Amino acid sequence: MKKLVQYINELKTFVEKGDKLNEKVSGSSVGWHIDHSLLVISQIITAMELSDPIGYQYQFNLKRLIAFSLNKFPRGVAKAPKQVRPAEEFNEANTIHAFEAIIPRLAILENLAPNQFFLHPFFGKLNKKAAIKMLTIHTAHHILIIKDIIQKQA
C-alpha cells in the first residue's frame with residue numbers, strides 16, 4: 001500500500017504537464033494517463049467495496065503470474081476499458097480534485113476485508129492483496145509512459 005501511495009504522490013508532480021503529448025510514445029496526453037490512473041484506482045475500490053468476500057476463490061492465472069512476477073505490464077498490449085477512460089479533455093482543476101477525492105478512497109481500500117475482490121478482465125478475481133499489487137504495477141506503468149512523453153518531447 002505504501003508504494004501505491006508513493007506512486008500516487010509522484011503522479012501529482014506531473015499535473016502541470018498534463019497537456020503534454022507525444023504521439024511517438026502514446027496517443028494520449030500526460031493528463032489522460034494521470035486521470036486514467038486515478039479512475040482505475042477509484043473504480044476498483046468501489047467494486048471491491050461492493051463485493052462479497054464469500055464470492056472470492058483463488059484461481060491460478062498465468063498472465064497474472066507473469067505480470068506480478070515481473071512487476072510490470074507490457075506496453076501496447078491492452079486497451080483501457082471504456083469505463084476507465086477519461087471522458088473529457090484534461091482539466092487541471094478536475095484532476096487536482098480527483099487527487100483530493102482519492103485519499104479517503106485509499107483509506108477504504110486499506111480497511112477492506114482480505115477477500116473482498118474485483119474481477120479484472122485479464123487476471124480474474126483479485127483479492128485485496130492482489131488488487132493493491134495490480135494497482136501499484138498499473139500506476140507505475142503509467143508513470144513510465146508519462147516520463148517518456150515528457151522526456152521525448154524535449
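Just so it is clear, the structure is predicted and the values come from calculations on it, not from any experiment. In this chain, numbering begins with 1 at the start of the sequence shown.
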Expected output: side-chain Thr139 to main-chain Thr136 donor-acceptor under 3.5 Å: no
Hydrophobic cluster membership, Leu144 vs Ile66, 4.5 Å side-chain cutoff: no
Among Lys3, His141, Lys133, the one residue meeting side-chain hydrogen bond (donor to acceptor under 3.5 Å, both in side chains) with Asn71: Lys133
Side chain Gln116, main chain Met48, donor-acceptor under 3.5 Å: yes
ring-ring contact (aromatic ring centres under 6.0 Å, His included) evaluation trace for Phe118 with Tyr56: CA-CA 9 Å; Phe118 83 100; Tyr56 176 76; over 10 Å; no
Atom pair CD1/CD1 of Ile34 and Ile145 - distance to nearest 0.5 Å: 12.5 Å
side-chain hydrogen bond (donor to acceptor under 3.5 Å, both in side chains), paired with Ser26, selected from Arg75, His33, His142: His33
Residues Leu126, Phe123; criterion side chain to side chain contact (heavy atoms under 4.5 Å, CB included); working and verdict: CA-CA 7 Å; Leu126 299 180; Phe123 303 145; 4.0 Å; yes
From CG (Asn94) to CZ (Phe99), nearest 0.5 Å: 12.5 Å
Trp32 reachable from Leu21 in the ILVMFWY side-chain graph, under 4.5 Å edges: no
Verdict with reasoning, Gln57 to Lys125, per side chain to side chain contact (heavy atoms under 4.5 Å, CB included): CA-CA 8 Å; Gln57 176 72 42; Lys125 288 182 181 178; 5.5 Å; no
Rounded distance [0.5 Å steps], CD1 in Ile137 versus CZ in Arg64: 11.5 Å
Exceeds 12 heavy-atom contacts within 6.0 angstrom, atom CD of Glu89: no
ILVMFWY cluster, Phe68 and Leu4 together (side-chain gap under 4.5 Å): yes
Heavy-atom donor-acceptor pair, Lys128 side chain to Leu112 backbone, under 3.5 Å: yes
Residues Lys12, Glu100; criterion salt bridge (Lys or Arg N to Asp or Glu O under 4.0 Å); working and verdict: CA-CA 10 Å; Lys12 266 188 219 174; Glu100 292 166 0; over 6 Å; no
Ring-face cation of Lys63 near Phe122 (centre distance under 6.0 Å, axis angle within 45°): no
Test log, rule side chain to side chain contact (heavy atoms under 4.5 Å, CB included), inputs Ile41 and Ile102: CA-CA 8 Å; Ile41 294 165; Ile102 208 74; 3.7 Å; yes
Ile54 atom CD1, neighbour heavy-atom count above 12 within 6.0 Å: no
Lys72 (side chain) donor-acceptor with Ala140 (main chain) under 3.5 angstrom: no
Straight-line distance of Leu135 CG to Ile45 CD1, nearest 0.5 Å: 7.0 Å
Shared hydrophobic cluster, Tyr7 / Leu70 (ILVMFWY, side-chain heavy atoms < 4.5 Å): no
Interatomic distance, Asn22 atom CG to Lys20 atom NZ [nearest 0.5 angstrom]: 11.0 Å
Asn127 and Pro114, any side-chain heavy atoms less than 4.5 Å apart: no
4.5 Å side-chain heavy-atom contact, Ser29 and Asp19: no
ILVMFWY cluster, Leu50 and Ile108 together (side-chain gap under 4.5 Å): no
Any Val5 side-chain heavy atom under 4.5 Å of Leu106 side chain: yes
Value rounded to 0.5 Å, distance of CG in Leu38 from CD1 in Ile8: 7.0 Å
Within 6.0 angstrom of Glu10 CD, more than 12 heavy atoms from elsewhere: yes
More than 12 heavy atoms of other groups within 6.0 Å of Gln83 CD: yes
Heavy-atom donor-acceptor pair, His36 side chain to Val84 backbone, under 3.5 Å: yes
Worked check of side chain to side chain contact (heavy atoms under 4.5 Å, CB included) between Arg105 and Thr46: CA-CA 8 Å; Arg105 306 294 298 143; Thr46 298; 2.8 Å; yes
Whether Ser51 side chain and Phe117 backbone form a donor-acceptor pair below 3.5 Å: yes
Arg85 (side chain) donor-acceptor with Ala80 (main chain) under 3.5 angstrom: yes
